[in-house]
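To start, the structure under review is shown below, and the notes come after it.
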Amino acid sequence: MAGEEASLLPLSVPMCEEETSGDGRVSMSSLYERSSGWERRSLMLIGFFIYFFTLSLCISFGQPLSCMLRSPSEIGYFQDGDILIGGFIPIWTSWIEQNYSFREQDQPVTCTALSPMDYSWLQTMIYTIKEINADDLLLPNVKLGFQMFDSCTHTAQALWGTFWTLTGREHPILNYQCNRKIPVAIIGEALSSSSIAMATVLGTYMYPQISYVSSLGSLSNRFLYPSFFRTIPSDEKQAQALSKLVSYMGWNWVGLLSHDEDYGILGSQVLKEELQKLGVCLAYHEIFGQATSQRKLNNIADLVVRSSAKVVIIFSRDPVIHPLIELLLGRQDVKRIWLATQEWANSPILQTKWYSSMMMGTLGLSLHEVSMPGLKEFLLDIRPSTALPQDIYVKNFWEVVQECRWPNSSSIENNGTVWCTGEEKLTRFRTNQYVYDEFDFKIHYLVYNAVYAVAHTLHDIIFNCMLGQNATQQGECEVQKTILPWKVTQYLKKVHFKNPMGEEIYFDSSGNSPTTYDLLNWHRNSDGSIDFVKVGKYSIRETQLRELSINVTAIKWITGHPEIPHSVCSESCSPGFRKAPQKGQPMCCFDCIPCAEGQISSQEDSRNCFPCPSDMWPNENNTMCIPKVIEFLSYWEPLGITLTSTAILCSFTTISILCIFIKFKDTAIVKANNRNLTYLLLVSLSLSFLCTQLFIGEPQKFTCRFRQGAFGVIFVLSVSCVLAKTIMVITAFRATRPGSNMRKWLGPKVPASTVSISAFIQLLICIYWMVQCPPFPEKNMTIKTGVIIFQCNECSDTLLWCMLGYMALLSCISFLVAFLARQLPDSFNEAKWITFSMLIFLSVWISFIPAYLSTQGKFMVAVEVFGILSSSGGIVGCIFFPKCYIILLRSELNTRQNLLGKGR
């Protein structure tokens, strides 16, 4: 084709069908007419840009506006077919720097240092195309060809190759196709930077591009790169996988070291966001690269050693991390768990025994490896003698792997150079630094899937064409005319198939294929070398629920123990405690503080403690809420049994005394002090002992309402009887004096009136209390911590103290009256015992007040019951025990003569 002149064919614009005129030109006006709105404006802008750029190119190159095509074999590796697939592979990995003067035309890029492994990617693409062509079902009657280009890891070279692919000429005229047959899709590029530049151009025409190594997360932006696809997981997916791994192992305190290029900077940024979502904190984040000074590297190494973070993530590439690892080797006892990205997860240099003491136990994400039968044999069968003439790289490849030179006319004999014969056997791939005894097919598998994705897309297009969707007027499907690049892009978005290895391949809405990583653990052998052992898998597919699966027992840690090492800033807070952030520290650094009273935390590392419901209380460890203890003075507890027994015994004793007095009612000592008042006093005292049972037991509505009133009325009745007896003693003494007019008060009216009026006043107070604000049972949850006090709410403390105050007033009056009558003749010596009884009564109730106010719950009730029993018992003991003693034991004294004689 060299020297042949071809017609200028404008490139098809995205989403437009190709229209040609009689001379073979595509009419741009027809394309413009088919567009509308923003599409027209976009076409106008693109048109102006292309016009001026094309004009400048023509002027600079001094070429006429016609396509002088050179043979593709001169600038790439070409093999014809019905449909072409483009391939961009960085076979040469470096280049000679040029000085750009901007005064003359720049010279082409001079590439150096061929990479045998990258060349094997090219051969894998050829192998895959041959396998597809041999499949009669996938693309029947269609032969795939290829057009390979070496990008030389140089962005300008990759762009130049892109224009060559689009236009068909070495010096491209943009937006013009100088050859009707161009590749329908491009497989490549490897470097993300080159892929970005290519995708920017190819996206303008919706030209499909499938990368096999470019993992930069920004390439998933469909607005910027609408026709970019890839078979390698993006760095964002890798960052998500690393964060899930850290969280799975329970680490929340890690260090991060990242490469100072896009791969490390952008990848680590996504990683930090993902770690933050999972509650993982960074102890530090340092950036380094090839140009980092030795001083900064030393500082980073010191930081890694000093930090309490036992896990370090290195988001970088293989060669870049070696200087830092060398520095860390010089530190003592650097036992860290290294987490590796796919770029160095199976580093051949760090695999050696020199580094194994520090790198053993490393966990790394590696691209998913799948066995590809036949590929290794195909690659080892490469020979310069059997290679196609178009393969312009095979001889350079042979020189590298065989470490020989091809002879030429200027060769000098016997200078020690090993000359290539072409008959050498290829058993392994060799580079300047590494020897690959075993092939690593991870990248090869990604290339393999990319080619198959294009093949299945073509299959779908041709199948639809066969159904008549794109048939010509003659009813035949002309492949070359119907398959346009933008159509391939459309179908690539929907392609879904299983490759020959049985794995599903498809592209999501961002152009990414399913994510699959193998988790490798670095095991140290007895000889000090490292083996990469697969211990888990991270996979995101449509039909898969579980993303991360790990066999933890298969992991060998650098600590030498089977347990997962800890890497936390602060140890976990047990249930019953809450996390309190440390000032100026990340959220993973905290202190454990016990939950406040009435609050619990049932989980580890709880940020807050939660209050229990009002009827519940924390257990001893503050880990759960349990029902509060309901407290009241029960009949069945020791205190309740004691008080109940005492009350019954006292009441029985009082009734017994009453019976004695009734039996001996005609004796002098019973007659001496108004028998009826004595009987009434004994009955009221017996009832006062029994009324204490209203205070004991579970509070009820009835008992709460009537217990204080019953006690108040009965006790006032008792005190009023004592007061009436005292008044009768004084009245009787004064009535015995000559000329006294007190005899008229010696009848039953005075004591009856005294008792009735005194009791009636107390009864009025109690009735008013019951009507105005009756007491009621309540469960008090605030008085005592963790206890529900089941008590009677008196409703009105004022009326309660009015009742008690009135009772105290009567007691004081009785005491004063009895005290004044204490010196009366012995026949009326009951006043002395009344004085003692009232003294005891007042002492009990005076001490009752502070004791009652200082107690709570059942003990408050017990104090009041004790006051009733002791005061009533004091009256019984002081007034009636001496008389019972005389009646029962000294009956000879129970005569009027003895009483009067004793008085004299």
Side-chain angles (χ1 to χ4, degrees), residues 81-89 121-122 124-135 137-139 142-148 165 183-190 195 198-199 202-203 206-215 219-220 222 225-234 237 367-368 370 372 375 441-464 479 483-516 539-543:
D82 298 324
I83 301 176
L84 297 182
I85 299 178
F88 279 65
I89 297 173
W121 300 347
L122 180 146
T124 299
M125 185 173 174
I126 296 174
Y127 167 82
T128 309
I129 291 174
K130 287 183 177 181
E131 186 175 277
I132 293 170
N133 287 334
D135 188 346
L137 298 178
L138 184 56
L139 291 176
V142 175
K143 179 184 178 183
L144 292 181
F146 57 82
Q147 182 173 301
M148 305 291 184
T165 302
V184 297
I186 288 179
I187 308 299
E189 163 57 332
S195 290
M198 293 172 60
L202 296 174
M206 291 297 286
Y207 196 106
Q209 175 189 0
I210 307 177
S211 176
Y212 47 87
V213 180
S214 299
S215 59
L219 285 166
S220 298
R222 302 309 278 170
Y225 315 109
S227 62
F228 179 82
F229 303 84
R230 54 182 159 196
T231 54
I232 188 173
S234 72
K237 300 297 183 182
L367 294 173
H368 181 48
V370 178
M372 303 172 64
L375 178 58
F441 289 120
K442 298 179 179 66
I443 304 299
H444 302 76
Y445 183 62
L446 300 177
V447 174
Y448 184 85
N449 285 334
V451 178
Y452 259 99
V454 175
H456 278 273
T457 302
L458 295 175
H459 170 85
D460 294 343
I461 295 174
I462 294 173
F463 178 76
N464 288 331
V479 174
I483 299 181
L484 298 173
W486 62 265
K487 188 174 296 183
V488 175
T489 300
Q490 280 188 328
Y491 277 82
L492 264 175
K493 295 177 181 179
K494 298 177 289 184
V495 71
H496 197 134
F497 64 95
K498 282 189 176 181
N499 64 15
M501 286 74 195
E503 289 198 347
E504 284 186 306
I505 304 298
Y506 55 89
F507 298 101
D508 61 18
S509 59
S510 299
N512 297 305
S513 61
T515 299
T516 304
S539 180
I540 302 179
R541 292 180 177 271
E542 291 179 347
T543 58

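In what follows, residues are counted from 1 in the order of the sequence shown.
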Any donor-acceptor N/O pair, [X] side chain to [Y] backbone, under 3.5 Å:
{"X": "T489", "Y": "M206", "answer": "yes"}
{"X": "R230", "Y": "G188", "answer": "no"}
{"X": "S211", "Y": "E189", "answer": "yes"}
{"X": "H496", "Y": "Y506", "answer": "no"}

Can you confirm whether [X] sits close enough to [Y] that some side-chain heavy atom of one is under 4.5 Å from a side-chain heavy atom of the other?
{"X": "P208", "Y": "P485", "answer": "yes"}
{"X": "Y448", "Y": "P500", "answer": "yes"}
{"X": "S513", "Y": "N449", "answer": "no"}
{"X": "L367", "Y": "Y445", "answer": "no"}
{"X": "H459", "Y": "F497", "answer": "no"}
{"X": "F229", "Y": "Q209", "answer": "no"}
{"X": "L458", "Y": "V142", "answer": "no"}
{"X": "L219", "Y": "S234", "answer": "no"}

query = Honestly, is K494 close enough over Y491, meaning NZ or CZ under 6.0 Å from the six-membered ring centre and within 45° of the axis?
reply = yes
Heavy-atom pair of closest approach, residues [X] and [Y]:
{"X": "T128", "Y": "T124", "value": "OG1-O, 2.7 Å"}
{"X": "K498", "Y": "G502", "value": "CD-O, 3.9 Å"}
{"X": "I483", "Y": "I461", "value": "CG1-CG2, 3.8 Å"}

ask   = For residues E131 and Y452, is any side-chain donor paired with an opposing acceptor at under 3.5 Å?
value = yes
Working to the nearest 0.5 Å, report the span between [atom1] of [X] and [atom2] of [Y].
{"X": "T165", "Y": "I85", "atom1": "OG1", "atom2": "CD1", "value": "13.0 Å"}
{"X": "K130", "Y": "K143", "atom1": "NZ", "atom2": "NZ", "value": "10.0 Å"}
{"X": "L144", "Y": "L139", "atom1": "CG", "atom2": "CG", "value": "5.5 Å"}

